[in-house]
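Working notes, beginning with the structure itself.
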Amino acid sequence: MASRSEHLVDWLRDAYAMEQQVEAMLRAQASRLENYPDVRTRIEQHLEETLGQQALLESCLTRLGTGPSLVKGMTGEIVAFGQAVGGMAMSDEVVKAAMSGYVFEHTEIAAYTALIVAAHAAGDLETRRICKQILPQEGEMARWLLTRLPDLVAAYLARSADGRDDAQR
Ligand code: MG
Ligand code: FE
């Protein structure tokens, strides 16, 4: 059986890998979106938040004696997946980006919710504080995407029906 602090370190490393995947996905999406500037701006903003989250997770891992170097080896495939998902050239690319982003933010919400409990159980108040600081950023991104989705789909459908080549992204 693993100890509480072993679980905490494990899940922090998972979260770090998750944030690297998010980074690759957001970078790919931001670089491709051309005709939906507010979506691109929000993605770029969340990319900055994501880099900050990575730094905070690194600080937790370092404090617990597990450097991020131990994480980096395993993330190559994950990052490649994120780039593939984020850069997919689909005719409804912008819609899929918003939908998959919404799903992914909820993966992050679940991860930080679990980490808050795990950090508390391990008596690591600093990690708990950091995860509670990150969690609302994921919630706000998820909410923004869901709020934006109906108009985004409507705009996409209108452009698509007109045969406009700026519909897709
Ligand atoms: Mg995140
Ligand atoms: Fe996020």
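Ligands are counted one by one from 1 in listed order, and the atoms in each one are counted from 1 as well.
When the Mg ion (ligand 1) is compared with the N/O/S atoms of E108, atom OE1 turns out nearest. When you scan the N, O or S atoms of E108 for the one nearest the Fe ion (ligand 2), you land on OE2. The Fe ion (ligand 2) lies closest to atom OE1 when only the N/O/S atoms of E138 are considered. Atom OE2 is the N, O or S atom of E138 at the shortest distance from the Mg ion (ligand 1).
When each of D14, L61, T127, D124 is tested with V9 by the rule side-chain contact (heavy atoms from CB on, under 4.5 Å), just one qualifies, namely L61. Partner of V22 under the side-chain contact (heavy atoms from CB on, under 4.5 Å) criterion, chosen from L51, T50, T107, L47: T50.
The backbone N or O of E34 sits nowhere less than 3.5 Å from a side-chain atom of R169 that would complete a donor-acceptor pair. Judged by distance alone, the side chain of S160 and the main-chain N or O of L157 form no donor-acceptor pair under 3.5 Å. Y16 places no side-chain N or O within 3.5 Å of a backbone atom of A55 that could act as its donor or acceptor partner.
The distance from the Mg ion (ligand 1) to the nearest N/O/S atom of E105 is not under 2.8 Å. The Mg ion (ligand 1) lies under 2.8 Å from an N, O or S atom belonging to Q53. Counting backbone and side-chain atoms alike, E105 contributes an N/O/S atom closer than 2.8 Å to the Fe ion (ligand 2). The Mg ion (ligand 1) has no N, O or S atom of E49 under 2.8 Å away, backbone or side chain.
Classification of K96 and E93 as a salt-bridged pair fails, no side-chain N sitting under 4.0 Å from a carboxylate O.
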